[in-house]
Amino acid sequence: MSHSVYIFDAYGTLFDVHAAARKHMGAVGPEGKKLSSIWREKQLEYSWVRSLMGQYVDFWELTVQALDTAFALVPEANKSARDELLAAYWELDCYPEVPQLLKDLRERGSKLAILSNAPMKMMDGALKNAGITDSFDEVFSVDPVQTYKPHPDVYDLVTTHFRMYPEAISFQSSNRWDIAGATKYGMRTVWINRSQMPDEYADLAPSAVLKDLSGLPALG
């Protein structure tokens with residue numbers, strides 16, 4: 001089945017969430033990789049917990065809280081780098097294959113959009129830094145529904161806007177839990193397994209698995 005609408009998760013799929021720590025590894029110290037890993041884990045954990053509690057907090061605030069927790073759990077890391085890390089998170093690098101991929105899909109006439117937990121202010125900064133702002137027809141934030149993926153209300157934002165059934169939309173994410181949520185919702189899902197992680201959620205298998213986004217056009 002050929003898809004005319006492609007929806008992308010942002011962080012970890014289009015943008016490298018560990019780019020901030022790598023950029024300031026010298027300031028953070030030798031535990032920078034560990035700090036970055038915990039930062040990401042806590043950022044996601046806090047989004048899920050807030051969703052379950054029904055108490056929405058802006059994703060940027062969760063990102064700040066997660067970094068503070070990471071520093072508490074990794075006391076060897078240099079906390080004086082905190083402000084530099086947070087500033088760098090607004091300007092994360094996109095993965096190298098992303099600009100060409102988006103160009104190729106647009107030349108085929110496909111509509112492209114982002115569906116992210118992040119507020120629009122974060123998305124604007126990341127897209128501008130990567131030089132891909134004009135590559136997308138729409139950018140969807142969870143702010144209007146006040147909850148986080150993988151809640152079905154988030155995926156509803158896409159189908160409602162495009163007035164399409166879920167199966168007509170291709171959803172790409174590097175997050176296996178996000179792929180599970182979109183699969184349950186009914187979308188064609190493509191798991192971008194950059195880190196070659198073992199599969200989970202066997203009952204909610206993706207339609208395809210790729211090592212990066214470059215192979216996406218060949219799927220149709």
Side-chain angles (χ1 to χ4, degrees), residues 3 5-15 17 37-67 69-70 89 92 111-127 136-195 197-209 213 216:
H3 288 76
V5 176
Y6 289 83
I7 309 299
F8 298 86
D9 167 63
Y11 294 103
T13 304
L14 297 174
F15 304 110
V17 295
S37 179
I38 294 174
W39 185 8
R40 175 60 170 170
E41 290 170 5
K42 290 299 178 181
Q43 180 194 51
L44 295 174
E45 176 188 327
Y46 294 167
S47 73
W48 300 327
V49 171
R50 292 290 179 173
S51 292
L52 288 168
M53 291 193 300
Q55 186 183 54
Y56 181 73
V57 174
D58 180 280
F59 196 67
W60 174 245
E61 181 59 33
L62 298 185
T63 300
V64 174
Q65 293 174 8
L67 179 58
T69 298
Y89 210 90
L92 295 177
K111 290 187 178 297
L112 310 180
I114 291 174
L115 178 62
S116 178
N117 280 338
M120 290 302 299
K121 59 186 178 182
M122 288 181 70
M123 283 289 89
D124 289 344
L127 289 167
F136 294 94
D137 298 281
E138 298 292 338
V139 178
F140 300 100
S141 165
V142 302
D143 274 352
V145 292
Q146 301 279 285
T147 193
Y148 289 107
K149 294 187 286 182
H151 195 288
D153 285 356
V154 178
Y155 305 108
D156 272 339
L157 291 169
V158 175
T159 54
T160 298
H161 175 85
F162 287 108
R163 298 183 179 181
M164 300 178 72
Y165 289 111
E167 58 266 26
I169 294 170
S170 181
F171 179 77
Q172 289 64 232
S173 179
S174 64
N175 301 300
R176 186 62 182 90
W177 53 268
D178 195 8
I179 288 296
T183 299
K184 175 65 169 60
Y185 186 78
M187 292 177 173
R188 190 279 287 270
T189 54
V190 181
W191 180 26
I192 311 304
N193 189 8
R194 297 185 181 277
S195 301
M197 298 296 289
D199 196 7
E200 300 176 275
Y201 310 103
D203 59 324
L204 296 166
S207 306
V209 181
L213 285 163
L216 185 60

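Note that the structure is a prediction, hence the values are computed from the model and not measured. Residue numbers count from 1 along this sequence.
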Phe162 vs Glu138 side-chain heavy atoms within contact, under 4.5 Å: yes

Evaluation steps, side-chain contact (heavy atoms from CB on, under 4.5 Å), between Leu52 and Tyr148: CA-CA 9 Å; Leu52 288 168; Tyr148 289 107; over 6 Å; no

Ring centroid separation Phe8 to Phe171 under 6.0 Å: no

Polar side chain donor-acceptor pair, Ser141 to Ser116, under 3.5 angstrom: no

Main-chain N/O of Glu200 paired with Arg176 side-chain donor or acceptor, under 3.5 Å: yes

Minimum heavy-atom distance between Val145 and Leu157, given as atom pair plus value: CG1-CD2, 3.9 Å

Separation between CE of Met187 and CE of Met164, rounded to the nearest 0.5 Å: 10.0 Å

Residue pair Ser170 / Ile7, side-chain heavy-atom distance below 4.5 Å: no

Any side-chain donor near an acceptor of the partner, Asn175 and Tyr11, under 3.5 Å: no

Donor-acceptor side-chain pairing of Thr69 and Tyr46 below 3.5 angstrom: yes

Note, Thr147 side chain near Val142 side chain (heavy atom, < 4.5 Å): no

Inter-residue atom distance Arg50.CZ - Phe59.CZ, 0.5 Å rounding: 13.0 Å

Minimum-distance pair of heavy atoms, taken over all atoms of Pro206 and Thr183: CA-OG1, 4.3 Å

Any side-chain heavy-atom pair of Gln172 and Leu213 under 4.5 Å: yes

Side chain to side chain contact (heavy atoms under 4.5 Å, CB included) involving Asp137 - partner list, sequence neighbours excluded: Arg106, Lys111, Leu112

Worked check of side-chain contact (heavy atoms from CB on, under 4.5 Å) between Tyr6 and Leu216: CA-CA 10 Å; Tyr6 289 83; Leu216 185 60; 3.8 Å; yes

Gap between atom CG of Leu62 and atom OG of Ser47 - 0.5 Å precision: 7.0 Å

Working for side-chain contact (heavy atoms from CB on, under 4.5 Å), residues Ile114 and Leu127: CA-CA 10 Å; Ile114 291 174; Leu127 289 167; 3.7 Å; yes

Pair Thr159-Tyr185, side-chain contact (heavy atoms from CB on, under 4.5 Å): steps then yes or no: CA-CA 10 Å; Thr159 54; Tyr185 186 78; 2.7 Å; yes

Residues Arg194 and Ser174: side-chain donor-acceptor under 3.5 angstrom: no

Residue pair Thr63 / Trp60, side-chain heavy-atom distance below 4.5 Å: yes

Polar side-chain atom of Glu61 near backbone of Asp58 as donor-acceptor pair, under 3.5 Å: no

CE/Met197: more than 12 non-hydrogen atoms of other groups inside 6.0 Å: no

Value rounded to 0.5 Å, distance of CE in Met123 from CZ in Phe15: 5.5 Å

Any Trp191 side-chain heavy atom under 4.5 Å of Asp178 side chain: no

Taking every non-hydrogen atom, the tightest pair across Trp177 and Lys149: CZ3-O, 3.5 Å

Exam field: side chain Ser207 to backbone Thr189, donor-acceptor pair closer than 3.5 Å: yes

Any side-chain heavy-atom pair of Ile169 and Arg188 under 4.5 Å: no

His3 versus Glu167, closest heavy-atom pair with distance: NE2-O, 3.3 Å

Any donor-acceptor N or O pair under 3.5 Å, side chains Tyr89, Gln43: yes

